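The structure under discussion is supplied below as structure tokens; questions concerning it will follow.
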Amino acid sequence: MFKKESEMARVFITGSTEGVGRNAAEMLLAEGHEVVLHARNPARAKAFGDLAERAQVLSADLGSLSETRALAQDLNAIGPMDAILHNAGIIDNRREKTPDGLLRVLMVNAIAPYVLSVLADRPKRLIFTGSSMHRGHSDVLDDIDWTRHPWSASRAYGESKLLVTALSAGLARYWPEVLCHTVDPGWVPTRMGGRSASDPIEQAHVTQCWLATSGDAAVQESGAYWHHMRRQSADPKVSDSRFQDEVISRFAAMSGIPLAPR
């Protein structure tokens, strides 16, 4: 489908039991790539069915720092990844904390991708999942864990997507040899998106797969923000290096894992 960088890439996809992640796994496997699947726990992994016969499966709760650390170790035991698709994401109707005392929507959507990106053995490409809802948020870092604001599920979700998009741009700056991109898959009818979602789920994974494996020239410019194969402008804060640095500094402090130079 795409001009490939090589005959086969090894790709890890978080949150791949269903929806966009599963569709990405099926596309990549069909193209001949090696895929490592991820489920929240072994019970959820049963949802892979026959897909697990064609791919390795790892399980970990991305709402737990210890499990996310262990997931990175399990991933490294398989071998270096050519690409990691940070697909897993949640939206919480009320303020939920992780066992580590962190805001759960922030942990799963943004801090876990930071932890995996830092601890994984030198992936060539990192693909983060954004959202159009990342735009328009101010003073995000003043109450990053939502201890003072009255809870808003949509705003907390949108802020987590702003932070992970800034993370992607920051890592692109710090690690020039690693291609980092953020993809807005659209509002699609997944379990999280709901039945009223207006974008086609059949297209939601295509850009991720392209960015993970393609040798096209457009893919080689790191730090970009994409929607349905088209590059778009992210919220202006994403391109602010001071904002990027503050996000990375906060994630390092909250996870206890410093950003390692590459």
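The structure displayed is predicted, hence computed values, not measured ones. Heads up: numbering here begins at 1 and tracks the sequence.
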Practice task
Please check if any side-chain donor atom of Trp226 sits under 3.5 Å from a side-chain acceptor atom of Gln208, or the reverse.
Solution key: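 Result is no, nothing qualifies.
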Handout entry: From CZ (Arg135) to OG1 (Thr165), nearest 0.5 Å
Key =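 Atom-to-atom, Arg135:CZ and Thr165:OG1 are 9.0 Å apart.
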Handout entry: Flag, side chain of Thr98 to backbone of Arg104, donor-acceptor distance under 3.5 Å
Key =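 Not a single qualifying donor-acceptor pair exists.
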Problem - Met27/Val206 under side-chain contact (heavy atoms from CB on, under 4.5 Å): CA gap, chis, key distance, verdict - result: CA-CA 8 Å; Met27 170 178 273; Val206 174; 4.1 Å; yes
Exercise for the section: Go through the side-chain N and O atoms of Ser241 and Asp245 and say whether any donor and acceptor fall under 3.5 Å apart. Expected result: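 No.
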Practice task
Could you list the residues that satisfy side chain to side chain contact (heavy atoms under 4.5 Å, CB included) with Ser239, not counting sequence neighbours?
Solution key: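 Ser239: no side chain to side chain contact (heavy atoms under 4.5 Å, CB included) contacts found.
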Problem - Test item: Thr14 side-chain N/O and Asn87 main-chain N/O as donor-acceptor pair under 3.5 Å - result: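 Indeed, once roles are kept as given, a pair shorter than 3.5 Å links the two residues.
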Handout entry: Pro236 side chain reached by Val238 side chain, heavy atoms, under 4.5 Å
Key =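 No, too far: nothing below the 4.5 Å cut-off.
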Exercise for the section: May I ask you to decide if Gly136's main-chain N or O and Lys237's side chain share a donor-acceptor pair within less than 3.5 Å? Expected result: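 Checked: no pair found.
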Practice task
State whether the side chain of Asn76 and the backbone N or O of Ala120 hold a donor-acceptor pair below 3.5 Å, judged by distance alone.
Solution key: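 Answer holds: no.
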Problem - Under 3.5 Å: donor-acceptor pair, side chain of Asn41, backbone of Ala43 - result: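 Yes; at least one donor-acceptor contact below 3.5 Å.
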Problem - Any Trp151 side-chain heavy atom under 4.5 Å of Asn93 side chain - result: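 A side-chain contact is absent here, since even the closest heavy-atom pair is not under 4.5 Å.
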Exercise for the section: Look only at the side chain of Tyr114 and the backbone of Ser255, and say whether a donor-acceptor pair between them is shorter than 3.5 Å. Expected result: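 Side chain of Tyr114 to backbone of Ser255: no pair is present.
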Problem - Distance-minimising heavy-atom pair for Ala25 and Leu37 - result: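 It is CB-CD2, 3.5 Å.
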Handout entry: Residues Glu246, Arg242: salt bridge by 4.0 Å N-O rule
Key =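 Looking at Glu246 and Arg242, the cut-off is not met.
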Exercise for the section: For residues Ala72 and Leu119, report the shortest heavy-atom separation together with the two atoms involved. Expected result: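 Nearest pair, atom of Ala72 first, then Leu119: CB-CB, 3.6 Å.
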Practice task
Check whether any side-chain heavy atom of Glu177 sits under 4.5 Å from a side-chain heavy atom of Arg122, and report yes or no.
Solution key: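 Glu177 vs Arg122: side chains touch.
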Exercise for the section: Mark yes or no for whether His38, through its side chain, and Gly15, through its backbone, hold a donor-acceptor pair below 3.5 Å. Expected result: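 Side chain of His38 to backbone of Gly15: a pair is present.
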Handout entry: Donor-acceptor side-chain pairing of Ser117 and His86 below 3.5 angstrom
Key =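 His86 and Ser117 do have a side-chain donor-acceptor pair below 3.5 Å.
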Handout entry: Closest heavy-atom pair and its distance - Val105, Tyr157
Key =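 Scanning both residues, the minimum pair turns out to be CG2-CA, 4.3 Å.
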Practice task
Give a yes or no on whether Asp142 atom CG has more than 12 heavy-atom contacts from other residues, nucleotides or ligands under 6.0 Å away.
Solution key: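 Counting neighbours around CG of Asp142, more than 12 heavy atoms of other residues, nucleotides or ligands fall under 6.0 Å, so yes.
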Practice task
Apply side-chain contact (heavy atoms from CB on, under 4.5 Å) to Leu211 and Leu179, showing your working.
Solution key: CA-CA 9 Å; Leu211 292 170; Leu179 293 175; over 6 Å; no
Handout entry: Gap separating the OG1 atom of Thr182 from the CG atom of Leu162, nearest 0.5 angstrom
Key =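 Those atoms lie 10.5 Å apart.
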Practice task
State, yes or no, whether a side-chain contact exists between Val36 and Ile13 at a heavy-atom distance under 4.5 Å.
Solution key: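 No; the side chains remain at least 4.5 Å from each other.
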Handout entry: Pairwise side-chain contact, Thr68 with Met107, heavy-atom cut-off 4.5 Å (strictly under)
Key =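 When only atoms from C-beta onward are counted, Met107 and Thr68 do touch, with a gap below 4.5 Å.
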Handout entry: Rounded distance [0.5 Å steps], CG in Asp121 versus CD1 in Ile78
Key =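 If we round to the nearest 0.5 Å, Asp121:CG and Ile78:CD1 are 11.0 Å apart.
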Exercise for the section: Output the distance between atom CG (Asp145) and atom CG (Leu103), rounded to the nearest 0.5 Å. Expected result: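 CG of Leu103 is found 7.0 Å from CG of Asp145.
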Exercise for the section: Would you tell me whether His134 and Asp235 have side-chain atoms, one donor and one acceptor, within less than 3.5 Å of each other? Expected result: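 No - no donor-acceptor pair under 3.5 Å links their side chains.
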Handout entry: Non-hydrogen side-chain atoms of Phe243 and Leu141 separated by less than 4.5 Å
Key =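 Yes, at least one pair of side-chain atoms sits under 4.5 Å.
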Practice task
Output yes when Asp92 and Lys97 qualify as a salt bridge under the 4.0 Å nitrogen-oxygen rule, no when they do not.
Solution key: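 No.
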Exercise for the section: Work out which heavy atom in Asp61 is nearest to a heavy atom in Gly63; give both atom names and the distance. Expected result: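 Taking Asp61 first and Gly63 second, the nearest heavy atoms are OD1-N, 2.8 Å.
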Problem - Salt-bridge criterion met for Glu34 and Arg10 (N-O under 4.0 Å) - result: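 Salt bridge: yes.
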Exercise for the section: Could you tell me the separation between the CG atom of Leu65 and the CG atom of Asp100, rounded to the nearest 0.5 Å? Expected result: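 Here the interatomic distance stands at 4.0 Å.
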Exercise for the section: For Arg94 and Glu96, run salt bridge (Lys or Arg N to Asp or Glu O under 4.0 Å): C-alpha distance rounded to whole Å, both residues' side-chain angles, the deciding distance at 0.1 Å, then the answer. Expected result: CA-CA 6 Å; Arg94 63 181 183 179; Glu96 300 279 1; 2.8 Å; yes
Problem - Gln232 atom CD, neighbour heavy-atom count above 12 within 6.0 Å - result: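 Counting neighbours around CD of Gln232, more than 12 heavy atoms of other residues, nucleotides or ligands fall under 6.0 Å, so yes.
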Problem - Partners meeting side chain to side chain contact (heavy atoms under 4.5 Å, CB included) with Ala39 (sequence neighbours left out) - result: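 Testing Ala39 for side chain to side chain contact (heavy atoms under 4.5 Å, CB included), a comparison that skips the adjacent residues, returns Thr17, Arg44, Ala45, Phe48.
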Handout entry: Lys124 bridged to Asp82 by N-O distance under 4.0 Å
Key =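 Looking at Lys124 and Asp82, the cut-off is met.
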Exercise for the section: Could you tell me which non-hydrogen atom of Tyr225 sits nearest to which non-hydrogen atom of Ser132, and how far apart they are? Expected result: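 Heavy-atom minimum between the residues: OH-N, 3.8 Å.
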Practice task
Verify, without hydrogens or angle tests, whether Tyr174 (side chain) and Ala169 (backbone) share a donor-acceptor contact under 3.5 angstrom.
Solution key: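 No: the side chain of Tyr174 does not pair with the backbone of Ala169.
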Handout entry: Worked check of side-chain contact (heavy atoms from CB on, under 4.5 Å) between Leu51 and Val57
Key = CA-CA 10 Å; Leu51 197 63; Val57 177; over 6 Å; no
Handout entry: Salt bridge Glu67-Arg69, side-chain N to carboxylate O under 4.0 Å
Key =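 A salt bridge is absent here (no side-chain N lies under 4.0 Å from a carboxylate O).
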Problem - Close side-chain approach of His181 and Arg125, heavy atoms under 4.5 Å - result: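 Side-chain contact under 4.5 Å: no.
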Problem - Closest approach of Val35 to Ala55 (non-hydrogen atoms, all atoms of both residues) - result: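 Nearest pair, atom of Val35 first, then Ala55: O-CB, 3.2 Å.
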Practice task
Starting at CE of Met133, measure out to OG of Ser160 and round the result to the nearest 0.5 Å.
Solution key: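 Interatomic distance, Met133 CE to Ser160 OG, rounded to 0.5 Å: 8.5 Å.
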Exercise for the section: May I ask you to test the Leu71-Leu58 pair for a side-chain heavy-atom distance under 4.5 Å? Expected result: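 Leu71 vs Leu58: side chains touch.
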Practice task
Begin with the C-alpha distance, continue with both residues' side-chain angles, and end with the deciding distance and a verdict on side-chain contact (heavy atoms from CB on, under 4.5 Å) for Phe128 and Val183.
Solution key: CA-CA 6 Å; Phe128 298 84; Val183 179; over 6 Å; no
